[in-house]
Number of protein chains: 2
Amino acid sequence: METIPSAAEAKAWNPYSADCPTRVVLDRIADKWTVLVLGLLGDRPKRFNQLRKSVDGLSQKVLTQILRGLETDGLVTRTAFPTVPVTVEYALTPLGDSLRTTLDGVRLWAEANIEAILQARKAKGP
Amino acid sequence: METIPSAAEAKAWNPYSADCPTRVVLDRIADKWTVLVLGLLGDRPKRFNQLRKSVDGLSQKVLTQILRGLETDGLVTRTAFPTVPVTVEYALTPLGDSLRTTLDGVRLWAEANIEAILQARKAKGP
DNA sequence: CGGCATCCCATCCGATACTG
DNA sequence: CAGTATCGGATGGGATGCCG
């Protein structure tokens, strides 16, 4: 239907061109922080400084950029409440929540295999 | 048993400190290319230039850095054959393959939801 | 073929100051 | 509280040349 590529075209994404779906998505989420932010938004909506304080080393400037990017892609919503001072809540959209669920697999893998990784590093360190 | 942290400790990784497992793993794989390289190594071992040509825009310098990092963490092996000129093959370790399997979820999510993302971008573009 | 070394520019990002 | 704006240093990574 419409302009959606056929199934045959959809499978032919090797070699990875710049506009293949995986690369588009990775270009958004594959950085030091975004996956962590999506994970934090999983439980419930959170406020800006709440997110910032939950990730050690994440600056206000970078968090802003991350949230704007996630908003652009329809993964989170931004809601400002007219309190004094202003209160802003960020929440996952259904799309964002489905991505968060997928990324939970990565977090679980990390926790299950961190020891093996650290041992490999120690073995090649000296 | 031994020095493995208890289940109670293992769950207390919020706020995310710099040495939490998820951050250690993300610091290794969360960039523009690494996930793609792991995916390419899934089918079978591949040679250096084979990998480089399979990802449009991936330079030799960066691919080298990525492969060294994956080697350090015990995710890929590097095997040099004494041919002329030299032939080098990279392959996933069992650990690397289990990570690749996990990351397949992200690739599938990307292909399933790319249209929604592109539409969200278009909606906020102008 | 599969790198490493060097140069050099683009971008990222932290620090700081200011605002609704 | 939740940002925006600006500046400057650190960093990333492309281009190039050379080598086993």
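All values reported here derive from a predicted model rather than from experimental measurement. Note on naming: letters A, B, ... go to the chains in the order of the sequence lines (proteins, then strands), and numbering restarts at 1 for each one.
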Task: Close approaches to DNA chain D from residues 71-83 of chain A, in residue order (heavy atom, under 4.0 Å) - done: A:Arg78

Between [X] (side chain) and [Y] (backbone), is there a donor-acceptor pair under 3.5 Å?
{"X": "A:Thr34", "Y": "A:Asp31", "result": "no"}
{"X": "A:Thr87", "Y": "A:Thr83", "result": "no"}
{"X": "A:Thr72", "Y": "B:Arg121", "result": "no"}

Open item on the list: Rounding to 10°, can you tell me the angle the first-five-pair axis of the helix from C:dC1-D:dG20 to C:dG20-D:dC1 makes with its last-five-pair axis?
Closed with: 60°

- [ ] Tell me, with the steps shown, if A:Asp43 and A:Lys46 meet salt bridge (charged side-chain N to carboxylate O under 4.0 Å, His left out).
- [x] CA-CA 9 Å; A:Asp43 308 322; A:Lys46 292 213 165 63; 3.8 Å; yes

When you compare the side chain of [Y] with that of [X], does any pair of heavy atoms fall below 4.5 Å?
{"X": "A:Leu63", "Y": "A:Trp33", "result": "no"}
{"X": "B:Thr77", "Y": "B:Glu71", "result": "no"}
{"X": "A:Tyr16", "Y": "B:Leu40", "result": "yes"}
{"X": "B:Leu75", "Y": "B:Leu92", "result": "no"}
{"X": "B:Leu103", "Y": "B:Leu38", "result": "yes"}
{"X": "B:Thr64", "Y": "B:Arg68", "result": "yes"}

Roughly how many Å is it from [atom1] in [X] to [atom2] in [N], rounded to a whole number?
{"X": "B:Gln50", "N": "C:dG3", "atom1": "CD", "atom2": "P", "result": "13 Å"}
{"X": "B:Glu89", "N": "C:dG3", "atom1": "CD", "atom2": "P", "result": "12 Å"}
{"X": "B:Arg47", "N": "C:dG2", "atom1": "CZ", "atom2": "C1'", "result": "9 Å"}

Task: Pairwise distance CG(A:Asp104) to CG(A:Leu99) - rounded to 0.5 angstrom - done: 10.0 Å

TODO: Test side-chain contact (heavy atoms from CB on, under 4.5 Å) on B:Arg47 and B:Tyr90 and set out the steps.
DONE: CA-CA 6 Å; B:Arg47 295 171 59 179; B:Tyr90 291 91; over 6 Å; no

Open item on the list: If hydrophobic clusters are built from ILVMFWY residues whose side chains come within less than 4.5 Å, do B:Leu108 and B:Leu118 share one?
Closed with: no

Identify the pairs formed between an N or O of the protein and an N or O of nucleotides 17-20 of chain C at a distance under 3.5 Å, and give each distance.
none

Open item on the list: At a heavy-atom distance below 4.0 Å, which nucleotide of DNA chain D is the first touched by chain B, and which is the last?
Closed with: D:dG13 to D:dG20

TODO: For residues A:Ser17 and B:Asp56, report the shortest heavy-atom separation together with the two atoms involved.
DONE: CA-CB, 4.2 Å

- [ ] Quick one: label A:Arg52 by what it contacts on the DNA or RNA (base, sugar-phosphate, nothing), any heavy atom closer than 4.0 Å.
- [x] nothing

Task: Those residues that, when tested against B:Thr102, pass side-chain contact (heavy atoms from CB on, under 4.5 Å) (two or more places apart) - done: A:Val106, A:Trp109

Using the 3.5 Å cut-off, write out each protein N or O paired with an N or O of nucleotides 13-15 of chain C and the distance between them.
unit_1, atom_1, unit_2, atom_2, d
C:dG14, OP2, A:Ser59, OG, 2.7
C:dG14, O6, A:Lys61, NZ, 2.2

